[in-house]
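Take a look at the structure set out below.
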Amino acid sequence: MNMEKNFEPQSFETSIYAEWEKNGYFTPEVDYSKPPFSIVIPPPNITGQLHMGHALNNTIQDIIVRHKRMQGYSTLWLPGTDHASIATEVKIVDKLREEGLEKEDIGREEFLKRAYEWKAAYGGRIVQQLRRLGCSLDWSREAFTMDERCSKAVREVFVNLYRKGLIYRGSRIINWCPHCRTALSDAEVEYEPQKSNLWHIRYPYADGSGYMVIATTRPETLLGDTAVAVNPKDSRYADKIGKMLKLPLTDREIPVIADDYVELDFGTGCVKITPAHDPNDFEVGLRHNLPVIRIMDDSGVINENGYAYKGLDRDEARKRIVSDLGEQGLMEKIEPYEHNVGVCYRCHSTVEPIVSKQWFVRMEPLAKPAIKVVRNKKISFIPERFEKIYFNWMENIRDWCVSRQLWWGHQIPAWYCEECGEVIVEKHDPEKCPKCGSVRLKRDEDVLDTWFSSALWPFSTLGYPDETEDLKYFYPTNLLVTAYDIIFFWVARMIFSGLEHMGEIPFPEVLIHGIVRDAEGRKMSKSLGNGIDPIMLIDKYGADALRFSLTTGVAPGSDIRFSEDKMEPSRNFLNKLWNASRYVLMNADGINLPEFGSFNYSSADKWILYKLNRTVKEVNAYLKKYELGMANAKLYDFIWSDFCDWYIELTKPALYGESVNEKARTLSVLMYVLKQILKLIHPFTPFITERIWKECGDVGAIMLETYPSYSKKFLFTAEFRRFEKVKDVIRSLRNVRAEMGVQPSKKIGVSVCGEAESYIRRNEVYLKKLAGVETISYVKSKADVSGKIVSIAMADGEIFIPLGDLVDFKKESERLEKELRSVENEIRRGEGMLSNAGFVAKAPEALVEQERRKLEENKLKREKLVKRIEDLK
RNA sequence: GGAGGCAUAGCUCAGCUGGGAGAGCGCUUGCCUUACAAGCAAGAUGUCAUAGGUUCAAGUCCUAUUGUCUCCACCA
């Protein structure tokens with residue numbers, strides 16, 4: 001046995017992981033004699049560093065995966081990373097700027113070269129950090145969303161969707177980030193409340209007969225107005241419809257039109273229509289055939305359609321326009337106004353709705369079957385309530401803008417013939433135009449949304465579009481584990497992609513967990529600086545302690561508050577496990593243990609074996625339901641309270657006693673229970689269990705062992721109940737000692753009377769060891785005991801303890817009175833229930849029986865207490 | 001505007017399909033008892049947000065209210 005006095009995870013975690021990986025324990029075989037179990041990791045961004053969210057997400061997955069592996073499944077947990085198109089590109093661009101360069105200066109090829117260099121340098125960080133956490137990922141199958149396999153899948157899917165008419169190119173209003181200079185999907189826009197104004201502007205009639213007042217939050221878009229709309233039912237403006245207005249600050253005239261989209265009771269009831277810069281206005285424009293005038297370029301600067309404001313940044317233009325309108329007497333009023341403004345989820349710049357030619361995925365035909373499979377439970381969300389969020393999104397989904405004006409990503413496989421304008425979308429790069437034969441082809445510059453490739457992750461990583469062995473064996477995967485914040489971005493898109501391209505769901509279950517928040521309940525974020533670095537915690541407390549802390553008190557779907565002080569209880573618990581193991585192993589050193597089960601168990605042995613068996617049952621049940629917090633609690637309680645506080649103490653008389661046989665027998669039970677414990681908790685705390693396992697004298701790794709399962713051969717129910725009574729006696733004795741102020745070192749003598757004698761006689765050794773009892777005598781009644789005594793009342797007997805001068809009659813009588821009160825409360829409760837005809841008639845028989853028994857016992861107890869109290873008087 | 005979560009001990013939270021309120025931390029008291037002071041033992045602390053309802057029985061199910069957090073939509 002070679003274990004330090006305290007648990008020091010730093011000394012073994014890294015080497016144990018290296019050994020697991022080297023031996024290929026994480027790499028499953030395609031083996032049809034075993035059931036498969038597979039999970040694909042939510043691929044972290046290559047730009048990322050491990051944060052608490054990753055730590056939680058991957059701890060959950062690893063626990064499930066290790067449990068399944070030990071249960072005999074051919075288990076694949078497939079790792080990989082995401083190229084994170086925008087996030088990475090932003091990093092590279094920033095780096096270039098430090099050198100005083102723009103990406104256009106170096107060109108696409110050089111830019112991509114630098115991006116790959118960056119990926120090579122930093123993209124592996126998070127992958128190493130996952131190893132520190134202990135994740136049993138199959139690194140031999142590691143994927144990257146831009147590697148050859150995934151890229152092939154992307155191309156295949158894009159072309160197939162295009163041929164089916166599910167991908168099209170068109171001019172639509174999209175969300176444009178002027179900072180990142182790319183289009184964004186709806187999901188990539190976040191909304192923030194912002195204090196601004198509602199500007200009321202006068203639009204004069206062209207015939208000079210006065211003006212209309214329109215209200216707007218974006219006065220600069222006035223330059224692109226092509227109409228003003230009113231509600232057709234609005235009597236205030238009925239006679240104005242069709243009239244022309246002079247658009248302020250320009251030389252253009254625009255019509256007043258009628259459209260239902262305008263609300264009667266908001267603002268002035270007149271809305272300026274800017275089809276090029278507002279999604280609703282765009283729709284109105286289509287209905288009324290209005291011209292679409294773009295007034296801003298890709299960086300948010302006013303373009304040649306902006307008259308005097310050309311060249312101004314959008315913010316500057318707003319200021320100038322507002323002041324110019326004021327000078328011309330066209331500003332009716334300015335009201336302070338708070339409203340939601342869309343911002344880029346990456347850089348938080350205000351998003352500009354802009355008309356632009358982009359590629360879109362037609363969502364309706366894809367969403368329908370994806371809704372159906374959740375509706376009919378082919379896929380279930382855990383907890384179920386997240387299905388509502390999913391339906392809500394899927395049922396109101398709009399077409400997905402998938403083109404991005406970036407360089408880092410999957411370049412769209414579309415070519416335009418410069419001779420005839422033909423659009424060519426092919427799996428292989430075309431050499432000439434199939435229509436006119438021209439070789440003057442120009443490839444589309446744009447790349448795809450990062451999530452386009454993530455959507456294919458469950459099958460692209462397994463080899464799609466090739467029919468690989470992995471794909472056949474491991475697809476569909478069995479489970480997806482993720483936080484609720486990417487249900488739209490990722491989960492929903494994987495579901496419709498799996499159905500469309502594989503003809504099958506990607507996974508039958510989606511386990512949703514919450515977000516890790518700080519001690520105040522705020523999201524951990526860079527800007528707040530309230531994040532905790534999991535690697536720092538691992539360095540300080542060990543990965544096992546982090547994993548255990550993260551699964552303490554968690555329930556599916558709910559957020560957890562985390563602060564460093566949650567680490568100590570876990571670390572202490574692992575130290576406890578460490579030292580309990582030391583106790584067993586130290587004593588077992590050099591001793592020839594009999595085979596477990598080849599002897600008669602003691603009452604204490606049967607008690608712990610019964611409890612262990614029950615714990616095994618519960619832990620398996622909770623793991624099956626993904627109730628990791630509950631499984632964690634059961635393990636904690638069993639190991640600390642039952643095994644350490646009771647059973648280990650109970651074994652001490654045997655281990656430190658004379659009998660070699662008894663010692664060996666006890667040790668074999670200790671060793672058996674310890675090994676079962678190590679296996680049980682291994683999925684939660686893989687490192688410490690592997691480390692201790694090495695000391696247990698077995699060959700091989702614990703992670704290859706079979707997970708414990710419930711067994712009927714340990715159903716010692718009667719013995720278990722009897723031993724619980726022994727424990728109660730010990731507890732009562734300790735309580736009396738403490739209350740009466742008996743020195744811990746002072747041994748006491750006790751006299752037992754009643755039926756309790758039978759089980760106390762057989763367990764005397766435990767009373768002596770655990771309750772500081774020296775002598776035990778058995779008497780017929782209290783009359784046989786002399787001197788000043790305190791007493792303990794049980795249903796089936798009494799214990800008298802002569803304590804001489806330590807007995808304070810007043811104190812003793814108070815103690816007994818208190819006990820009596822609580823027993824009487826119990827009796828009242830029991831009688832109340834049993835006198836209720838409804839309860840006796842309708843409650844389960846066993847429950848009624850149990851209540852009757854308890855009532856009977858309490859009455860016996862009361863009788864004794866009353867008598868003792870009388871005696872004291 | 002729509003949807004959902006949460007409200008339990010001083011703090012952070014468990015409590016699964018209804019059947020005598022739990023843990024960790026903190027607090028009080030006593031102990032370095034040959035695995036562990038990162039520990040041991042004995043304690044104290046709760047109108048389970050409020051009001052109704054269903055039920056023999058409600059922290060648990062239903063309705064409403066209050067407080068709080070989140071998501072979706074985005075009316076200029």
Side-chain angles (χ1 to χ4, degrees), chain A residues 3 5-7 191 198 214-218 221 229 261-263 265-274 278-281 339-342 383 385-386 388-389 392-393 396 484-485 487-488 514-515 517 519 521 523 541 552-555 557-563 565-566 568-587 618 621-622 625 627 629-630 632-633 636-637 641 644-645 648-649 652 656 731 734-739 741-745 769-772 825-826 829-830 833 836-844 846-848 850-851 854:
Chain A
M3 292 168 78
K5 187 174 164 194
N6 279 328
F7 157 63
Y191 289 88
L198 194 54
I214 59 93
T216 181
T217 52
R218 294 190 301 156
T221 61
Y261 151 70
V262 181
E263 301 276 330
D265 48 6
F266 186 89
T268 59
C270 311
V271 184
K272 60 194 273 310
I273 300 297
T274 323
D278 183 280
N280 292 310
D281 293 6
H339 66 142
N340 278 335
V341 174
R385 66 185 137 90
F386 289 101
K388 272 194 183 169
I389 296 179
N392 186 6
W393 193 70
N396 299 298
Y484 54 72
D485 56 350
I487 291 178
F488 308 135
I515 287 181
R517 297 174 176 279
K523 250 181 170 172
Y541 303 92
T552 295
V554 293
S558 52
D559 289 351
I560 51 177
R561 287 189 191 202
F562 196 90
S563 52
D565 55 19
K566 296 226 166 163
E568 263 190 50
S570 301
R571 194 265 319 259
N572 293 353
F573 169 67
L574 294 174
N575 188 55
K576 192 77 183 171
L577 174 61
W578 180 263
N579 275 292
S581 307
R582 272 181 72 224
Y583 168 79
V584 177
L585 294 165
M586 265 161 84
N587 284 293
E618 289 168 336
Y622 284 127
K625 289 190 287 183
E627 292 268 2
M630 290 301 290
N632 172 305
Y636 184 97
D637 285 347
S641 309
C644 294
D645 288 347
I648 282 187
E649 293 307 319
K652 283 179 180 174
Y656 300 146
R731 265 193 288 255
R734 285 167 168 173
N735 175 286
V736 164
R737 293 181 61 117
E739 298 242 331
V742 180
Q743 289 289 319
S745 54
K769 172 71 187 167
L770 300 187
N825 276 336
E826 286 301 300
R829 194 189 60 83
M833 279 177 97
N836 181 335
F839 174 74
V840 179
K842 294 188 184 176
L847 190 74
V848 178
Q850 186 189 318
E851 283 303 326
K854 277 194 284 190

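None of these values were measured; they are calculated from a predicted model. We name chains A, B, ... by the order of the sequence lines, and we start the count at 1 in each one.
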Using whole Å, report how far [atom1] of [X] lies from [atom2] of [N].
X	N	atom1	atom2	answer
A:W393	B:C74	CH2	P	13 Å
A:M586	B:A35	CE	P	6 Å
A:I515	B:C69	CD1	C1'	12 Å
A:N396	B:C72	CG	P	13 Å
A:D565	B:G24	CG	P	15 Å
A:I487	B:U70	CD1	P	17 Å
A:E263	B:A76	CD	C1'	10 Å
A:N836	B:G19	CG	P	17 Å

Between [options], which nucleotide gets closest to the side-chain atoms of [X]?
X	options	answer
A:K842	B:G15, B:C56, B:A76	B:C56
A:T217	B:U70, B:A76, B:C31	B:A76
A:P569	B:C56, B:C25, B:C36	B:C25
A:N340	B:A73, B:C56, B:U12	B:A73
A:F488	B:U55, B:C72, B:A35	B:C72

Taking atom [atom1] in both [N] and [M], compute the distance separating them and give it to the nearest angstrom.
N	M	atom1	result
B:A7	B:A44	P	26 Å
B:G26	B:G67	C1'	27 Å
B:C16	B:G59	C1'	14 Å
B:U8	B:G46	C1'	7 Å
B:C25	B:G19	P	28 Å
B:U34	B:U28	P	26 Å
B:A41	B:G4	C1'	47 Å

Checklist line | Residue A:Q850 excluded, over 12 heavy atoms near CD under 6.0 Å | finding: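 Atom CD in A:Q850 is crowded, with more than 12 foreign heavy atoms closer than 6.0 Å.
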Would you indicate what [X] reaches in the nucleic acid, counting non-hydrogen atoms under 4.0 angstrom: base, sugar-phosphate, or nothing?
X	result
A:Y191	base
A:L585	nothing
A:G553	sugar-phosphate
A:A843	base
A:V554	nothing
A:R829	base
A:P844	base

Checklist line | Nearest-nucleotide comparison on RNA chain B, the residue closer to the 5′ end among A:T552 and A:K625 | finding: A:T552
Check: Between A:H339 and A:N579, who's closer to the 5' end of RNA chain B by nearest nucleotide?
Finding: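 Upstream on the strand: A:N579.
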Next item on the list: Hunt down any stem RNA chain B takes part in, defined as 3 or more consecutive Watson-Crick or G-U pairs whose two distances are each under 3.5 Å.
Entry: B:1-7 with B:66-72, B:10-13 with B:22-25, B:27-31 with B:39-43, B:49-53 with B:61-65
Polar side-chain atom of [X] near backbone of [Y] as donor-acceptor pair, under 3.5 Å:
X	Y	result
A:R561	A:R517	no
A:K523	A:I515	no
A:N396	A:N392	yes
A:N587	A:Y583	yes
A:R734	A:L770	yes
A:N575	A:F7	yes

For the [atom1] atom of [X] and the [atom2] atom of [Y], what is their distance to the nearest 0.5 Å?
X	Y	atom1	atom2	value
A:N579	A:L585	CG	CG	11.5 Å
A:T221	A:K272	OG1	NZ	2.5 Å
A:D637	A:E618	CG	CD	9.5 Å
A:I214	A:I273	CD1	CD1	10.0 Å
A:K5	A:R582	NZ	CZ	7.5 Å

Next item on the list: For the residue pair A:D278 and A:R218, establish whether any side-chain heavy-atom pair is separated by less than 4.5 Å.
Entry: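 Of all side-chain heavy-atom pairs linking A:R218 with A:D278, at least one is under 4.5 Å.
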Check: Within less than 4.0 Å of OP1 or OP2 of B:A35, is there a side-chain N or O belonging to A:K652?
Finding: yes
Protein and nucleotides 2-9 of chain B: nitrogen or oxygen contacts under 3.5 angstrom:
from	atom 1	to	atom 2	distance (Å)
B:G4	OP1	A:K388	NZ	3.1

Margin query: Quick check: any donor-acceptor pair below 3.5 Å linking the side-chain of A:Y583 to the base of B:C36?
Written below: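 No.
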Item checked: Geometric class of the A:F386/A:Y484 ring pair [parallel <30°, tilted 30-60°, perpendicular >60°] -> parallel
Item checked: Nucleotide-resolved protein contact map, nucleotides 37-42 of chain B, B/S/- at heavy-atom distance under 4.0 Å -> SBSSSS
